[in-house]
Amino acid sequence: MTATENGAGGLTFGLALDLGAQGRSLRQVADELQPIVDLAERRRFASLWAGEIYAPTPGAWAAPSSLAMLSWLAARTTTIGLGTGVLLVPGWHPLRLAYEAAVVDQLSAGRLTLGVGLGSRDLWRRFGRDGAPGALMDAGLDAVRALLTGADGYHKDGLDIDGAVHPGPCQEGGPPILVGGLAPAAARRAARFDGWYAATNHHLDAQIRPAARRYLDALDTAGSSRRPVIAVNRIAFAAESTEEALAQGVPYVTALLEKYAALGGLVDEAGRPVTASPGALEPMVRSLCLIGSPARINERLAEYRDAGVTHVQLRVAFGGMPIELVDRTVNLVADSVLGRWRGDVPGPQTPADSSGGRAIHNGGRSVDSFREEPPCRRP
């Protein structure tokens, strides 16, 4: 099932996993979430996503290499799509990123999507890269795309890369690239690649709606025939009733938002920085989360669809939440949300549409096709 092959409701769904570790090894965290990974594939979610953080102190909710974590997931899944949500471009030389992306695409038999973020100016400097971050990102992404489409090096935009990347990716042209960011330049960048990505801490009305419109306008301006792809990461917590979901889920949500606030990564809908003071985070729940009964979550999803969103990454394991609560959210969403928005499609869908758009996908293969033929054939 592709992550952007929209059903009648126009939405598809993935799970975003917090694969960071505090007081435990990454292997322990990953092993704990293995039942959720198995459940996601069994219940026919479109994709699994992992972000990355280059934290100088303990307690980050993501590991410092999203592609490394996806290689772990590739070995433990068969058909579900895999995505970086997001990979921070400052931490990657374009040649290294092209090689690593090709490797994970090979290991996953063509199931990779690259969600990428600009990061901060300080992060660029930490990795020893001077210059305007936007220009550095544009050059880096252009180089990665060229190398993943078979170019014999890349020599422009201040980059001097010799030679091609072997082995190349499974997917023709390389994995789709979704670009994050709220600035107008990010919208133009997303229109040049394969879609736009909205982060956990982006408010629906104040940030996602206008940024999605800028991206759609940029597609129109470019005369692009690509199908629009707008992927949104949302904190998600479901229970049988909305009252139960709020009572049980809000403590875990606020624990996560406190971390964002402590890092200076949380603003209110007017753009003012939010602190982790008592009562300051509760107003964030509606605009940043999908929390409630399945019926309530469906009501909220209609607002996202109307904003142009095509793919929702449900962030279901956060704030030290017990695995049984994660399991409940995933099952309730699978039972009462997925079919409402994508239709009960019986098998995998083709990874691309007739308009020439590039989909977030699992290679368009059934389980049987993986058993019957080598999914990646390269010279």
Restricting to non-hydrogen atoms, name the atom on [X] and the atom on [Y] that form the minimum distance, rounded to 0.1 Å.
X      : Y      : value
Arg43  : Leu338 : O-CD1, 3.6 Å
Gly119 : Pro90  : CA-CG, 4.3 Å
Val316 : Leu15  : CG1-CD2, 4.1 Å
Thr329 : Ala238 : OG1-N, 3.0 Å
Arg340 : Asn298 : CG-OD1, 3.8 Å
Ala50  : Leu70  : CB-CD2, 4.1 Å

Nearest 0.5 Å, what's the [atom1]-[atom2] distance between [X] and [Y]?
X      : Y      : atom1 : atom2 : value
Cys289 : Ile297 : SG    : CD1   : 10.5 Å
Leu123 : Arg121 : CG    : CZ    : 12.5 Å
Leu19  : Trp61  : CG    : CH2   : 13.5 Å
Ser66  : Leu114 : OG    : CG    : 8.0 Å
Met69  : Leu17  : CE    : CG    : 9.5 Å
Leu88  : Ser120 : CG    : OG    : 8.5 Å

Main chain of [Y], side chain of [X]: is a donor-acceptor contact present, judged purely on distance under 3.5 Å?
X      : Y      : result
Gln106 : Gly168 : yes
Lys259 : Thr254 : no
Thr310 : Ile230 : yes
Asn201 : Gly265 : yes
Thr242 : Ser293 : yes
Arg214 : Ala185 : no
Arg129 : Trp92  : yes
Thr84  : Val86  : no
Ser71  : Ala68  : yes
Gln171 : Leu112 : yes

Polar side chain donor-acceptor pair, [X] to [Y], under 3.5 angstrom:
X      : Y      : value
Thr79  : Glu41  : yes
Asn331 : Asp327 : yes
Arg111 : Thr77  : yes

Among all residues two or more places apart in sequence or in another chain, which pass the side chain to side chain contact (heavy atoms under 4.5 Å, CB included) test with [X]?
X      : value
Arg300 : Leu204, Arg286, Leu290, Arg296, Glu303, Tyr304
Thr200 : Asn233, Ile235, Tyr260, Arg315
Gln207 : Leu182, His202, His203, Val267
Glu244 : Ala239, Glu240, Ser241, Gln248, Arg328

Co-members of Leu107 in a cluster of I, L, V, M, F, W and Y side chains, linked at under 4.5 Å = Val103
Who else is in the cluster with Tyr154 when I, L, V, M, F, W and Y are joined by side-chain contacts under 4.5 Å?
-> Leu95, Tyr99, Leu147, Leu159, Ile161, Val165
side-chain contact (heavy atoms from CB on, under 4.5 Å) evaluation trace for Asp105 with Leu148 = CA-CA 11 Å; Asp105 203 48; Leu148 290 176; over 6 Å; no
Taking the side chain as C-beta and beyond, is there a heavy-atom pair between [X] and [Y] under 4.5 Å?
X      : Y      : value
Thr113 : Tyr197 : no
Phe318 : Val326 : no
Arg189 : Met137 : yes
Val179 : Leu118 : no
Glu52  : Leu67  : no
Phe45  : Ile80  : yes
Leu266 : Leu257 : yes
Leu281 : Val250 : no

For Arg76, enumerate each residue passing the side-chain hydrogen bond (donor to acceptor under 3.5 Å, both in side chains) test, keeping only those at least two apart in sequence or located in another chain.
-> none
Partners meeting side-chain hydrogen bond (donor to acceptor under 3.5 Å, both in side chains) with Gln34 (sequence neighbours left out) = Asp38
Kindly indicate, with the supporting measurements, whether the criterion ring pair (Phe, Tyr, Trp, His ring centres under 6.0 Å) is fulfilled by His311 and Trp49.
-> CA-CA 12 Å; His311 180 70; Trp49 297 73; 5.8 Å; yes
Would you call Asp122 and Arg126 a salt bridge, taking side-chain N to carboxylate O under 4.0 Å as the test?
-> no
Short N-O contact, Asp194 and Arg145, less than 4.0 angstrom | yes
Go through the steps to decide whether Leu178 and Phe193 satisfy the test side-chain contact (heavy atoms from CB on, under 4.5 Å), and finish with yes or no.
-> CA-CA 7 Å; Leu178 308 185; Phe193 289 91; over 6 Å; no
From CA spacing to verdict: side-chain contact (heavy atoms from CB on, under 4.5 Å), Glu269, Met284 | CA-CA 9 Å; Glu269 294 196 71; Met284 307 286 103; 5.9 Å; no
Phe237 vs Leu325, side-chain contact (heavy atoms from CB on, under 4.5 Å): CA-CA, chis, key distance, verdict = CA-CA 8 Å; Phe237 188 88; Leu325 294 182; 4.1 Å; yes
Tell me the salt bridge (Lys or Arg N to Asp or Glu O under 4.0 Å) pairs involving residues 150-164, sequence neighbours left out?
-> none
Can you name the salt bridge (charged side-chain N to carboxylate O under 4.0 Å, His left out) partners of Asp205, sequence neighbours left out?
-> Arg209
Who pairs with Asp217 by salt bridge (charged side-chain N to carboxylate O under 4.0 Å, His left out), at least two apart in sequence or on another chain?
-> Arg213
Treating Ile, Leu, Val, Met, Phe, Trp and Tyr as nodes and any side-chain heavy-atom pair under 4.5 angstrom as an edge, say whether Val312 and Leu332 lie in one connected cluster.
-> no
Would you mind listing every ring pair (Phe, Tyr, Trp, His ring centres under 6.0 Å) that reaches into residues 114-153, with sequence neighbours excluded?
-> Tyr54-Phe127
